[in-house]
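Worth saying up front: this structure is predicted, and the values here are computed from it rather than measured.
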Amino acid sequence: MSHPRQVISGVGIVSCHGPGLDRLWDSLLSTGSGFATDRTRRLRSPYAVASIPETTLADSAHLRTLGRSARILLSAAESAFEDARLARDDRAAPVRGVIVGSGFTPALEGALAYGQVAARGPMGLDPWLFDNALHGNLALELARIFHADGMTVTVSCGPGGATGATAVAAAARFVRAGAEGPFICGGVDGLVISEMPVTDRTSRPFDIHSGYAQGEAACALIVEDESPARARGAQPHASIQGWGEAAVIDESEGPDRTLSMVEAMATALDETGLEPGQIGLVICDGSGDHELDQFEVAALAAIFADRPGPPLFCLTGSTGYCHAGSGAMAIAIAAAILACGIVPPIPGLIRPAGGSGLNFVIGMPQPATSPYALINAVSGAGACSIVIKGMRAE
Amino acid sequence: MIPAIHITGIGIATSAGWGVGAQLEALVAGRAADAPGAARTISFSPVAEESGHGGKMAMLARQVGASALVDAGLDSDLGPAACAYALGGAGLCCPAGLEESETGVLRAILRFMSDAGGRSVPHIIGCGLNSSIAALQWGYESIRAGSPAAVVGTVDLVSAAVVGGLHCRHLLTRNVPRPMDTGRDGLIPGEAAVALVLEPDWRVAERGTMSHGQIRGLAMRRVADPSFDGLADAWREVMAMAHAEEGEYVSAAAAGLVTHDLAELRAIAEFCGTPSRTKPVSAVAGQFGYCLGSSGLLQLALTLLSLGRWFLPATVGLVKPVPEYPVDHVMGKNRPVRVDSAVVNSSGLDDSVACVTIIRSAV
């Protein structure tokens with residue numbers, strides 16, 4: 001196998017547990033659920049970000065004009081930047097591009113703009129509401145602040161985790177194709193408007209008492225070539241080995257949704273040159289929606305040929321389903337699990353539905369069985385799978 | 001080695017009508033049909049009846065995408081082509097929000113892609129008011145990374161929120177737009193939907209298909225300083241990065257704005273304004289309006305069409321060019337001339353500038 005080139009050199013997360021991968025990780029090793037640890041908060045969703053971390057990257061007047069998703073994402077990107085040992089004014093390592101996944105933020109910001117137009121008329125619209133609703137503004141804000149000067153896009157393949165994962169896969173693809181310099185990538189979907197359909201249920205992915213719960217998170221990753229990252233003193237979290245995507249042609253058809261996940265995972269494994277038996281960890285999409293979870297169970301059963309397979313983990317019970325944020329966070333948490341070799345129990349999962357025989361980690365931690373993790377992410381238009389190899393344990 | 005990338009299919013709808021023929025007819029006529037201050041909108045077509053749910057934006061995305069695939073001869077054998085659509089103002093274009101904009105467009109794209117035998121995941125791409133060039137860049141990079149083809153498209157509509165957003169930035173005119181004219185005082189918004197099929201040269205040769213043109217250079221730059229000097233510097237840099245010196249004609253982004261038009265003209269003048277390096281320049285925004293994030297891909301498609309018919313379109317609304325930066329304006333009437341290469345400038349206003357250099361294919 002050829003030596004991996006594209007690595008994740010920096011991670012930044014803002015979730016309902018607060019800022020940082022460490023806080024999310026600690027919560028997984030303790031109670032597991034953001035909902036369970038703090039039920040006293042009076043928020044629109046128990047999985048909302050309670051307090052957006054302060055940043056010095058932009059002045060307060062500018063920050064007030066940014067949408068909620070942009071502010072959460074900016075904080076996550078700042079952490080990732082520091083983790084990768086990058087400096088904003090480092091001419092030796094300028095940011096090559098920004099690729100941000102967001103499933104519904106621009107549309108919801110547009111709804112805010114429409115609300116104001118309805119109240120004040122078209123001529124009463126605030127300029128920043130117009131800017132925030134433009135598809136691409138999330139990436140443009142990061143590009144302005146981090147002085148990125150290459151590809152700057154916000155990408156979506158519909159609401160869901162695959163939108164965050166596809167942004168990371170795209171950055172890895174461009175690095176592998178020869179793009180020089182680090183990419184800021186990842187995903188965010190914030191609770192932008194108060195009318196969002198949230199629930200006060202606990203998120204229970206794959207459980208017989210399944211429950212979808214809207215979450216809110218941003219996850220920013222720095223993806224770049226391994227050599228300059230190490231030369232700078234960064235310690236890569238993981239290498240991105242391969243990826244695959246497949247469309248859902250008819251989303252009303254369950255078999256088609258399962259097929260798209262199977263195709264995406266099989267493509268990622270093919271590209272990596274790995275057999276399913278060599279995977280030591282799977283991070284599932286696990287939205288908590290019973291039907292979608294069962295489609296995913298069927299896809300995983302097909303990939304692992306109805307054997308228990310590697311330990312299966314899912315983050316949703318801890319953070320709620322954060323759509324693009326979940327897809328990117330799944331990659332970050334996979335790297336963290338591979339670094340310590342311990343797979344925590346899945347938050348919110350007590351009794352798996354469906355009797356698939358898959359190896360969901362329930363109650364007690366399990367060891368990861370190899371340094372390779374397969375991340376499965378799903379969205380409205382299709383599925384995206386990524387294979388990573390842990391590096392910090394090496 | 002980086003493969004040469006061809007444009008093998010075009011699908012288009014604008015205020016001038018549906019399809020390539022309607023655009024050519026409008027370009028040849030060289031006039032705008034709408035009253036002063038009126039947005040250039042796309043009329044619904046009978047095909048809307050069979051477009052399914054998703055609204056006007058989804059219907060347009062599907063129609064132009066399917067037309068581009070037919071034009072490229074890929075309507076039944078698309079395979080693993082990448083797909084990127086720009087919806088620059090998706091949130092602003094559709095009052096119904098997500099369901100009518102992104103989700104509806106994604107469903108529409110999946111439908112025409114699957115009808116053509118494709119199974120790639122479509123990506124909605126955004127880069128503010130330069131989103132269509134970002135989608136082109138996404139498709140271009142996808143092919144460089146190994147994809148055998150890419151469908152790139154764009155749709156933008158004019159809504160109350162769009163008008164309000166342009167108004168609060170003081171960008172609108174109540175008159176007719178006058179790109180690059182001394183009397184310019186603002187832009188008129190327009191609607192457009194465009195789709196292009198991109199293929200590497202090896203695949204064009206393998207399929208023996210016709211190419212409309214070839215992309216020679218593609219670059220986008222963030223505008224770090226939106227002052228006149230900052231804009232002019234950004235234009236100069238991006239034109240150099242895209243090898244604009246290779247183009248024989250410039251399709252300017254100019255939409256009728258006081259500062260932005262002048263800054264672009266300064267950069268163009270540096271590339272082609274001197275007497276020894278005279279290159280014709282014109283802009284289509286006076287005729288089709290400023291089509292938000294779709295402007296770049298619209299200009300690219302219209303440039304390919306006019307080059308293919310051996311004429312350069314005149315700038316509608318240009319009567320008295322600004323004297324500061326003299327260039328060879330195509331004005332008054334179209335110029336019948338054979339030109340084999342062109343530069344397409346695309347403006348994301350204060351956010352970004354982009355430039356694409358193309359070569360017309362020999363038919």
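With sequence neighbours excluded, no residue satisfies side chain to side chain donor-acceptor pair (under 3.5 Å) with A:Arg96. The side chain to side chain contact (heavy atoms under 4.5 Å, CB included) check on A:Ala169 picks up A:Trp243, A:Cys384, A:Ile386, with sequence neighbours excluded. For B:Ala160, the side chain to side chain contact (heavy atoms under 4.5 Å, CB included) partners at least two apart in sequence or on another chain are A:Val117, A:Pro122.
Residues A:His135 and A:Glu109 have side chains that never bring a donor and an acceptor to within less than 3.5 angstrom of each other. Inspection of the B:Ser227 and B:Asp225 side chains reveals an N or O donor paired with an N or O acceptor under 3.5 Å. With hydrogens and angles left out, the side-chain atoms of B:Ser132 and B:Thr154 include no donor and acceptor closer than 3.5 Å. Side-chain contact, B:Ser147 with B:Ser142: no donor N or O sits under 3.5 Å from an acceptor N or O. Between the side chains of B:Ser120 and A:Glu245, no donor N or O sits under 3.5 Å from an acceptor N or O.
Residue contact with chain B, scored on non-hydrogen atoms closer than 4.5 Å, is absent for A:Leu138. Residue A:Thr163: no heavy atom, backbone or side chain, is found under 4.5 Å from chain B. Contact of A:Ala148 with chain B is made through the backbone alone, with heavy-atom distances under 4.5 Å. Contact of A:Ala383 with chain B is made through the backbone alone, with heavy-atom distances under 4.5 Å. Heavy atoms closer than 4.5 Å to chain B are found nowhere in A:Gln116, neither backbone nor side chain. With a 4.5 angstrom heavy-atom cutoff, B:Arg221 touches chain A via backbone and side-chain atoms both.
With A:Met261 as the fixed residue, the side chain to side chain contact (heavy atoms under 4.5 Å, CB included) test singles out one of A:Asn376, A:Val248, A:Asp285: A:Asn376.
Contact tally against chain B (heavy-atom pairs below 4.5 Å) for A:Met123, A:Glu263, A:Arg120: the top residue is A:Met123. Ranked by heavy-atom pairs shorter than 4.5 Å toward chain B, the options A:Asn132, A:Asn137, A:Thr166, A:Leu125 are led by A:Leu125. The candidate with the highest count of non-hydrogen atom pairs below 4.5 Å against chain B, out of A:Gly150, A:Cys157, A:Ser379, is A:Cys157. For the options A:Ser102, A:Gly382, A:Ser156, A:Ala143, heavy-atom pairs under 4.5 Å to chain B are most numerous at A:Ser156. Among A:Ala246, A:Ala177, A:Ala113, the residue making the largest number of heavy-atom pairs under 4.5 Å with chain B is A:Ala246. Taking chain A as the reference chain and counting heavy-atom pairs below 4.5 Å, the highest number among B:Val223, B:Val163, B:Val121 is found for B:Val121. Of the listed residues (A:Asp149, A:Leu129, A:Asp131), the greatest number of heavy-atom pairs within a distance under 4.5 Å of chain B belongs to A:Asp149.
The number of heavy atoms from other shown groups lying within 6.0 Å of CD (A:Glu180) does not exceed 12.
Rounding to the nearest 0.5 angstrom, the gap separating the CZ atom in A:Arg144 from the CG atom in A:Leu74 is 12.0 Å. Distance check: B:Gln137 CD to B:Arg144 CZ gives 9.5 Å after rounding to the nearest 0.5 Å.
Using a 4.5 Å cut-off between non-hydrogen atoms, the part of residues 346-353 of chain B that approaches chain A consists of B:Asp351.
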